[in-house]
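Structure first, commentary second.
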Amino acid sequence: MNYRKLGRSGLKVSSIALGTDNFANPTPEAEVQRIIDRALEAGINLVDTSDSYAGGECEAIIGRALKKNGRRDSVVLATKVHYPTGSGPNASGNSRLHIMSACEASLQRLGVDHIDLYQLHRPSPDIPIDETLRALTDLVRQGKVRYIGCSTHPAWKVMEALMTSELKGLERFVCEQPPYNLLDRRIENELVPLCEEYGLGLIPWSPMAMGMLAGRYADAGTAPADSRATLRGGIYAERVTARGVEIGNRFVDLAKQHGIPPAQLAVLWVKDQPGITAPLIGPRTVAQLEQLLPVTEMSLSDDLRKACDELNPPGTVITDFHNSAPWMKTRVAG
């Protein structure tokens with residue numbers, strides 16, 4: 001396993017990270033245990049979750065798995081805060097009140113005394129960033145959090161946070177977690193250069209574009225029965241478009257021509273892009289995890305990089321993976 005520094009922090013993480021959005025929804029706990037055990041055995045050390053996954057049950061399952069295998073100290077344990085955890089007006093967002101209470105609840109569900117990486121799942125434009133950063137700073141000083149980061153933030157909000165941290169002596173983001181794959185390359189325009197310039201890691205989600213880059217879709221109208229587009233619908237189904245499937249299947253053909261499983265090439269492409277620390281993979285089964293583990297020892301050739309750029313040029317978008325981010329105003333046709 002290769003390890004990379006997370007931004008300019010001293011933290012080293014594996015070159016692919018374990019995403020857990022499928023845990024408990026639909027992956028059952030016994031299979032989750034096997035996935036986590038195998039991932040740690042292979043050298044993956046970054047496990048990323050959220051208090052919103054499966055209504056918090058995902059965190060609880062991960063906590064039980066780490067207690068059972070005794071590997072808590074081998075893991076960089078990351079979770080996120082923002083989405084509603086209750087019905088009240090203060091039960092969501094990035095306010096001090098919600099962050100402090102949500103962190104305590106996550107610690108309890110995970111069964112740990114600290115979180116290694118605590119991230120804002122989305123921005124809260126109506127809440128001053130200094131309030132948010134002061135709450136996160138207090139959690140670090142209390143020993144409940146080691147590092148802080150954000151997810152699916154626009155570049156200007158990340159820069160605002162960095163500036164505020166510098167001016168007010170508050171904890172600094174070490175990473176951002178954006179959507180990124182060959183079908184949605186918009187982060188290359190501003191976010192990637194920002195993170196490279198100011199020393200933030202990037203741990204992108206959805207590197208396989210919900211399976212469109214793994215050959216799971218014959219066409220946009222026939223989603224597999226076990227896909228998130230079918231099981232969850234909504235924003236997940238919206239990402240699967242006719243144009244996305246068309247380009248995705250051309251990518252699949254390209255991968256096969258080079259003798260590489262399409263899912264591997266999709267993750268490899270993200271892993272070896274400039275500025276990327278570790279793409280998040282979200283296996284539903286141990287078999288899916290096994291297929292992706294070789295990516296850690298692979299390198300993207302210049303010829304393949306050029307061929308991928310011809311399918312979708314740098315900085316452009318074919319299908320919208322920012323559709324859970326109200327701040328993204330770009331509308332994607334097709």
Side-chain angles (χ1 to χ4, degrees), residues 5-13 46-53 56 58-60 62-63 66 72-73 75-178 194-195 198-203 277 327:
K5 285 185 66 177
L6 187 60
R8 70 176 196 179
S9 78
L11 192 62
K12 293 182 179 180
V13 298
L46 176 55
V47 178
D48 178 79
T49 187
S50 169
D51 64 5
S52 65
Y53 295 168
C58 182
E59 286 184 329
I62 291 169
L66 293 177
R72 167 63 183 99
D73 291 341
V75 170
V76 176
L77 187 57
T79 192
K80 298 184 283 291
V81 58
H82 173 80
Y83 284 117
T85 54
S87 58
N90 294 305
S92 64
N94 302 338
S95 69
R96 180 181 184 86
L97 181 61
H98 183 235
I99 288 172
M100 302 301 276
S101 62
C103 183
E104 293 294 342
S106 286
L107 289 169
Q108 184 173 9
R109 282 189 296 268
L110 290 163
V112 297
D113 61 5
H114 71 274
I115 294 162
D116 297 309
L117 175 60
Y118 202 39
Q119 304 155 102
L120 305 176
H121 211 153
R122 294 293 185 274
S124 283
D126 58 330
I127 297 171
I129 189 61
D130 56 326
E131 175 180 340
T132 299
L133 289 171
R134 285 189 190 281
L136 294 171
T137 297
D138 285 349
L139 290 173
V140 171
R141 291 174 179 172
Q142 291 168 11
K144 297 175 181 178
V145 169
R146 298 294 188 256
Y147 298 93
I148 63 172
C150 56
S151 175
T152 318
H153 279 49
W156 76 266
K157 289 295 289 184
V158 178
M159 190 68 241
E160 179 190 39
L162 294 178
M163 178 192 70
T164 303
S165 295
E166 182 73 19
L167 290 174
K168 297 181 180 292
L170 302 173
E171 285 295 315
R172 185 183 192 273
F173 289 158
V174 299
C175 61
E176 155 66 13
Q177 186 181 131
L194 173 94
C195 290
Y198 291 98
L200 275 77
L202 284 164
I203 45 178
T277 307
W327 56 264

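Contact of the H153 side chain with the L120 side chain is registered, since non-hydrogen atoms from C-beta on lie closer than 4.5 Å. Inter-residue side-chain proximity for L200 and R8 is flagged as unmet; no heavy-atom pair is nearer than 4.5 Å. Side chains of H98 and T85 form a contact here, defined as non-hydrogen atoms less than 4.5 Å apart. A heavy-atom distance below 4.5 Å is found between the side chains of V75 and L66. A heavy-atom distance below 4.5 Å is found between the side chains of H114 and D116. Side chains of L136 and E171 form no contact here, defined as non-hydrogen atoms less than 4.5 Å apart.
Here the CZ atom belonging to R141 is positioned 7.0 Å from the CG atom belonging to L170, to the nearest 0.5 angstrom. Interatomic distance, CG of D130 versus OG of S165, reported as 10.0 Å (0.5 Å rounding). With rounding to the nearest 0.5 angstrom, the CE atom of M159 is 5.0 Å from the CG atom of L162. Annotation: the span from F173 atom CZ to T164 atom OG1 amounts to 9.5 Å, rounded to 0.5 Å. Residue L139 holds its CG atom at 7.0 Å from OH of Y118, rounded to the nearest 0.5 Å. Atom CG in L117 sits 9.0 Å away from atom CD1 in I148 (nearest 0.5 Å).
Checked for salt-bridge contact, E131 and R134 miss the test: no charged N lies under 4.0 Å from a carboxylate O.
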Run K80 and T49 through side chain to side chain contact (heavy atoms under 4.5 Å, CB included) and show every step you take. CA-CA 7 Å; K80 298 184 283 291; T49 187; 5.9 Å; no
Please lay out, stage by stage, how V145 and C103 fare under the test side chain to side chain contact (heavy atoms under 4.5 Å, CB included). CA-CA 9 Å; V145 169; C103 183; 4.1 Å; yes
Check step by step if salt bridge (Lys or Arg N to Asp or Glu O under 4.0 Å) holds for R72 and D113. CA-CA 11 Å; R72 167 63 183 99; D113 61 5; 5.7 Å; no
Start with the C-alpha gap between K144 and D138, add the side-chain angles, then the distance that decides, and say whether salt bridge (Lys or Arg N to Asp or Glu O under 4.0 Å) holds. CA-CA 9 Å; K144 297 175 181 178; D138 285 349; over 6 Å; no
Stepwise, does the side chain to side chain contact (heavy atoms under 4.5 Å, CB included) test hold for N94 with H121? CA-CA 9 Å; N94 302 338; H121 211 153; over 6 Å; no
Walk me through whether C175 and L202 qualify under side chain to side chain contact (heavy atoms under 4.5 Å, CB included). CA-CA 6 Å; C175 61; L202 284 164; over 6 Å; no
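Taking each heavy atom of S50 and T79 in turn, the nearest pair found is CA-OG1, 3.3 Å. Minimum heavy-atom separation, P123 to S151: CD-O, 4.4 Å. Closest heavy-atom contact between V81 and A102: CG2-CB, 3.6 Å. Between I127 and S95 the shortest heavy-atom distance is CD1-N, 3.4 Å. Smallest separation of non-hydrogen atoms from R172 and G199: NH1-O, 3.9 Å. Of all heavy-atom pairs between G93 and S124, the closest is CA-OG, 3.5 Å.
Counting heavy-atom neighbours within 6.0 Å of E166 CD, excluding the residue itself, gives a total of 12 or less. In the displayed structure, Y198 atom OH is contacted under 6.0 Å by at most 12 heavy atoms of other residues, nucleotides or ligands. More than 12 heavy atoms of other residues, nucleotides or ligands shown are found within 6.0 angstrom of CD on E104.
Within the 3.5 Å criterion, the main-chain N or O of L6 finds no donor-acceptor partner in the side chain of T277.
The only member of H82, E176, Q177 that meets side-chain hydrogen bond (donor to acceptor under 3.5 Å, both in side chains) when paired with Q119 is Q177.
Under 3.5 Å, the side chains of S106 and E59 contain a donor-acceptor pair of N or O atoms.
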